[in-house]
Amino acid sequence: MDMLLIEKKWRERWEKDKLYSFNKARLDKKYYVLEMFSYPSAARLHVGHWYNYGPSDSFAKFKRMQGYEVFEPMGFDAFGLPAENFAIKTGIHPKDSTYKNIITMEEQLKQMNASFDWDYELKTCSPDYYRWTQWIFLQLFKAGLAYRKEAPVNWCNSCNTVLANEQVIDGRCERCSHEIVRRNLTQWFFKITDYAEELLQDLDKLDWPQKTLAMQRNWIGKSIGGEVEFQIENGGSFRVFTTRADTLHGVSYVVLAPEHPLVMQLVTDEKRDTVAKYIDMCSKASEIDRLSSTREKTGEFIGAYAINPINNERIPILIADYALYSYGTGAVMGVPAHDERDFAFATKYNLPITRVIGGKDGKDDLPFTEHGTLVNSGTHNGLLSKAAIETILNSLEAEGKGGKKINYRLRDWLVSRQRYWGCPIPIVHCDCCGEVAIPEDQLPVELPYNVDFTPNGKSPLGKCDEYINTVCPKCGKPAKREEDTLDTFVCSSWYYLRYPDAKNDKMPFDPELINKMLPVDKYIGGAEHACMHLLYARFFTKALRDLGYLKFDEPFTSLVHQGLILGPDGNKMSKSRGNVVSPDSIIQKVGADAFRLYLMFGFSYIEGGPWNETGIDSIVKFIERIERIVTSTYKARGAHKDMNKAEKDLNFVRHNTIKRVTADTEIFSFNTAIARLMELVNALNKYDTVREKNIEFMKSVCLDLVLLIAPFTPCFAEELYEIIGGKGSVLNVSYPIFNPECLIRDEYELAVQINSKNRDKIMVGSTLSNAEIIVIAKAAANIASAIDGKTIVKEIVIPKRLVNIVIK
RNA sequence: GCCAAAGUGGUGAAAUGGCAGACGCGCUGGACUCAAAAUCCAGUGGGGGCAACCUCGUGCGGGUUCGAGUCCCGCCUUUGGCACCA
């Protein structure tokens, strides 16, 4: 078969017949399969694209053949830095290069023989999409979920923009690996922290990889504890957050974060200079320096004192950059005896260390960080930590000096970017009215084309006079537009909602339709999005639900991460390593179906692994074996109609294959599914050598084979189906269903063990009882002699598998 | 440092606590052929034995169990994630 030719033939026919067109009349049977959309890169599709889209499309086709109305859209995550950086280098405008790349990518994606319904295609950089991104921004703004604040932010000097916490990897920019520095800037944030608890709780509802759930839990970082209020000696007060209120008697100092506003108020005149210097030093430190937990702790006494509310002790107030202004209250109590970090800090600065929790077994090593019994704690002596936390926080609460409190590690999502190629923020800054939302009927705020986007640390849109200067929608006076654009993760946080209603020009989506189409039934994409896209999208869904636009809580019911295909050297493929494998030549040689099948058979889908193409030839041979056995069977003639042992054996393999392929495909275990298909082909070939063949029966097995393979090699299966006289598309035929009765064998082979070691094999009828089986087992040649004269301690029968006789 | 996952033939990899290595690749032998290719068939974890068979074997050391790659405890290694979060 000329695969390239037949693939073209079937692609054209599918398109003509609109085979993959989603039928809204069958919404009750909808199955939404979504693969994470791609960035429109200039390079051709790489192995990773194929590995993501090929097997998951097979899953979609499998669901289709099971009778579901499958919705499998495709689009482009088209805003973003690469196009802009490319433009800076070459002068080609990001819009031009992006749209050009999209066209070539569309062509390539179509060569995959996938079921994408292109009628629902979306591009996040197109005004009819980002109009609604802006609309959602405004809904969040009106609900108080989008706000502007000055805060220390992560700044990348190479990308000339701020980054969200999630985009900082080990103190470096996730994109260019440049060191991140901190800057104080006024930026837009989304209040994702309002949803911290629900984002955490609802993880329990999701059919997601355990690892990803764990990562999100860690990222949200719930911490149950309490707040304690410390009076300042010369008036005023502040609070600290602690999970160990039981150690309150052991507090020998408190620490404020360098950015804490109280610091410059409380500092004494003699300390003012050194403290200011320290603060300055902290602000200049890069994230890398600051993040290093092995770095020696530093701090400065600010000359002021606080009062420990539980024992009225006078304790010094220090500043140290290990206290994070953005977590808790920005202030920490120091308990050197029971915290490793505090211990190191107190030792260095000669602060008192008082033990207040007794050690185990009389040991008195410090620091002792476990729970235990309180000592040196006045009236609380003798309490266990857990009870003490409860008691102390309750009494503090009664006195108005604190109480129980939960903190989260999760921070609000910083969405401003000082870049050009992104969604404009639909806000006007007016001297009189402040931040004013652009009226919804004036959306989209279009991204201007003629903009100088050479990077100089200022937002490119700010340099574009005709864009930036406008009038206030409220008071009509001259005003300036917001000059930053939105993080591209904002665009991708709702695209799954837009797909089913991609052409709607009245609203972002019709809630009535979307509530029926969503949530996504199966979402497939890389694990690297665990704490970014997948978290943001969940937040958007919940926020839009609370605003009344959606009726479901979670966007993606079930999630699968495909593994990573590494270079042949076992490293991640990258241009700089020179280990990038291009699939183009392989596809030109063997076709997209064979390539897809190879990817599905050669790797465990969720594991991935180093690239190795030695198996491709064998996959081609396998396809040819199928073609040979199916076509020769359909040409053969014979009047034989019996169903004897040979037929029953083949029928067993057939139904076992159907059962296993169905179950394995359901859980994305494609390599084992294909192994089962190979077994069926082997069984067919074996049966083919039988002298008196039941040709009609054999044909029916071949038909099942063609149907079973159809999701994996769609064009090949279509062609074969046509050759054997099938009408219409094979993908419209129902996927075979196994018959349990055909899986019952007349007799089974059992291993017979003595003391758990194999000693013999027996054939037993399937209707025999365990007692009858034991009788046969004991009579087997090797067994009878072995148990002769011995005491039998135990007899175990595992149906269809083994008999174990335990003797003394 | 903390959390999670993984470690199985020459190789890609399989195994609801039940015959370890399914299905492939590679290799060896055979059939077909003048010959080769293609195709088909058989064999293929280590050690021992002429043989039927025996024995060892899933990173290492223990344990639970009639039975452990799988469960438990303690290590080693690798890979991801988090990392001054009070």
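Note that the structure is predicted; figures quoted are calculated from it, not measured. Per chain, numbering begins at 1; letters A, B, ... match sequence-line order. All heavy atoms count here, side chains included; hydrogens, waters and symmetry mates do not.
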> With respect to the phosphate group of B:G81, does any side-chain polar atom (N or O) of A:R217 fall under 4.0 Å of OP1 or OP2?
Replying inline: no
Assert: residue with more 5' nearest nucleotide on RNA chain B, out of A:Y605 and A:E679, is A:Y605
So salt bridge (charged side-chain N to carboxylate O under 4.0 Å, His left out) across residues 671-680 of chain A, not counting sequence neighbours, yields A:R676-A:E679
Of A:Q753 and A:I796, the one whose closest nucleotide on RNA chain B sits nearer the 5' end is A:Q753
Which of B:C84, B:G18, B:A86 is nearest the side chain of A:L802? It is B:G18
- Task: Provide the distance between the two C1' atoms, one in B:A52 and one in B:A4, to the nearest whole Å.
- Result: 50 Å
* To do: Using a 4.0 Å heavy-atom cut-off across all strands, classify A:E749 as base, sugar-phosphate, or nothing.
  => base
Side-chain donor or acceptor of A:R676 under 3.5 Å from a matching atom on the base of B:A22?
yes
Quiz item: Mind checking the P distance from B:A20 to B:U44? Whole angstroms is fine.
Solution: 16 Å
*Please indicate whether A:I606 has more than 12 foreign heavy atoms, meaning atoms of other residues, nucleotides or ligands, lying under 6.0 Å from its CD1.*
no
Residues passing the side-chain hydrogen bond (donor to acceptor under 3.5 Å, both in side chains) test with A:T689, sequence neighbours excluded, are none
**OP:** Please measure how far the C1' atom in B:A6 lies from the corresponding atom in B:U55, and state the result in whole Å.
**Re:** 30 Å
Worksheet item: Within the structure shown, what part of the strands sits under 4.0 Å from A:K621 by heavy-atom distance: base, sugar-phosphate, or nothing?
Response: sugar-phosphate
Rounded to whole Å, CD1 of A:I805 lies from P of B:G18 at a distance of 20 Å
(message) So, under a plain 3.5 Å distance rule, would you say the side chain of A:N804 forms a donor-acceptor pair with the base of B:C66?
(response) yes
Taken to the nearest whole Å, CG/A:N218 to C1'/B:A83 is 10 Å
Query - Pair A:R596, A:T713: side-chain N/O donor-acceptor within cut-off below 3.5 Å - result: no
Side-chain atoms of A:K211 come closest, of B:C19, B:A4, B:C66, to B:A4
Quote, to the nearest angstrom, the P distance that separates B:G1 from B:G63. 29 Å
### Query
Using a distance-only test with no angle check, is there a side-chain donor-acceptor pair under 3.5 angstrom linking A:N407 and A:S223?
no
Euclidean distance for C1', B:G45 against B:G10 (whole angstrom) | 10 Å
Looking only at B:G67, B:G24, B:G18, the nucleotide nearest the A:S756 side chain is B:G67
Sugar-phosphate only, base, or nothing, as touched by A:G602 at under 4.0 Å among non-hydrogen atoms
sugar-phosphate
Of the listed B:C19, B:G24, B:C85, the closest approach to the A:K761 side chain comes from B:C19
Separation of B:A14 atom P from A:I674 atom CD1, nearest Å, is 12 Å
Assess, by modelled atom type and distance only, whether the side chains of A:R411 and A:S326 contain a donor and an acceptor separated by less than 3.5 Å.
yes
Open item on the list: Please report the distance separating the P of B:G21 from the corresponding atom of B:C73, rounded so that it comes out in whole Å.
Closed with: 29 Å
Taken to the nearest whole Å, CD/A:Q210 to C1'/B:G81 is 15 Å
ask   = Is it true that atom NZ of A:K348 has more than 12 heavy atoms of other residues, nucleotides or ligands lying nearer than 6.0 Å?
value = yes
With the side chain defined as heavy atoms from C-beta on, A:R341 is closest, among B:C84, B:C23, B:U39, to B:C84
Could you label the plane-to-plane angle of the A:W611 and A:F603 rings as parallel, tilted or perpendicular, counting under 30° as parallel and over 60° as perpendicular?
-> parallel
### Message
Distance check, C1' atoms only: B:C19 and B:C32, in whole angstrom units.
### Response
37 Å
Between CG of A:N755 and C1' of B:U65 the distance, given in whole Å, is 13 Å
**Prompt:** What does A:V332 touch in the nucleic acid at a heavy-atom separation under 4.0 angstrom: a base, only the sugar-phosphate, or nothing?
**Reply:** base
Cation-pi, A:F230 ring and A:R239 (6.0 angstrom, 45 degrees)
no
Dot-bracket assigned to RNA chain B with the 3.5 Å Watson-Crick/G-U criterion, [ ] for crossing and | for other-strand pairs, is (((((((..(((.....[....)))((((((.......))))))((((....))))..(((((..]....))))))))))))....
Is the shortest side-chain N/O distance from A:N671 to OP1 or OP2 of B:G12 below 4.0 Å? no
Separation of B:U79 atom P from A:E528 atom CD, nearest Å, is 19 Å
Syn within 90° of 0, anti beyond: B:G9 is syn
Does atom CD (A:E666) have a neighbourhood of more than 12 heavy atoms from anything else shown, all under 6.0 Å?
yes
Side-chain atoms of A:S604 come closest, of B:A13, B:C82, B:C23, to B:A13
Expected string for nucleotides 41-59 of chain B under the B/S/- scheme (protein heavy atoms, under 4.0 Å, primed atoms plus P, OP1, OP2 as sugar-phosphate) is -------------SSS---
Taking only side-chain N and O atoms of A:T672, does any of them lie within less than 4.0 angstrom of OP1 or OP2 on B:A22? no
- Message: Would you say NZ of A:K222 has more than 12 non-hydrogen atoms from neighbouring residues, nucleotides or ligands within 6.0 angstrom?
- Response: yes
Testing B:C23, B:C3, B:C85 for proximity to the side chain of A:L324, the answer is B:C85
Of the candidates B:A86, B:A13, B:U16, the side chain of A:R801 sits closest to B:U16
Quick note, salt bridge (charged side-chain N to carboxylate O under 4.0 Å, His left out) partners involving residues 747-760 of chain A, not counting sequence neighbours, are none
Whole-Å distance, A:D617 CG to B:G12 C1', equals 15 Å
**A:S223 side-chain N/O to B:A86 phosphate OP1/OP2 under 4.0 Å** = yes
- Task: Select base, sugar-phosphate, or nothing to describe what A:Y408 touches, counting heavy atoms under 4.0 Å on all strands.
- Result: nothing
**Asked** Within the pair A:Y322 and B:A86, is there a side-chain N or O less than 4.0 Å away from OP1 or OP2?
**Response** no
Applying side chain to side chain contact (heavy atoms under 4.5 Å, CB included) to A:V630 and not counting sequence neighbours gives A:I626, A:Y634, A:C702, A:L705, A:V706, A:L720, A:I724
Say you pick atom P in B:A38 and the same atom in B:G59; how far apart are they, in whole Å? 37 Å
Whole-Å distance, A:D321 CG to B:C85 P, equals 13 Å
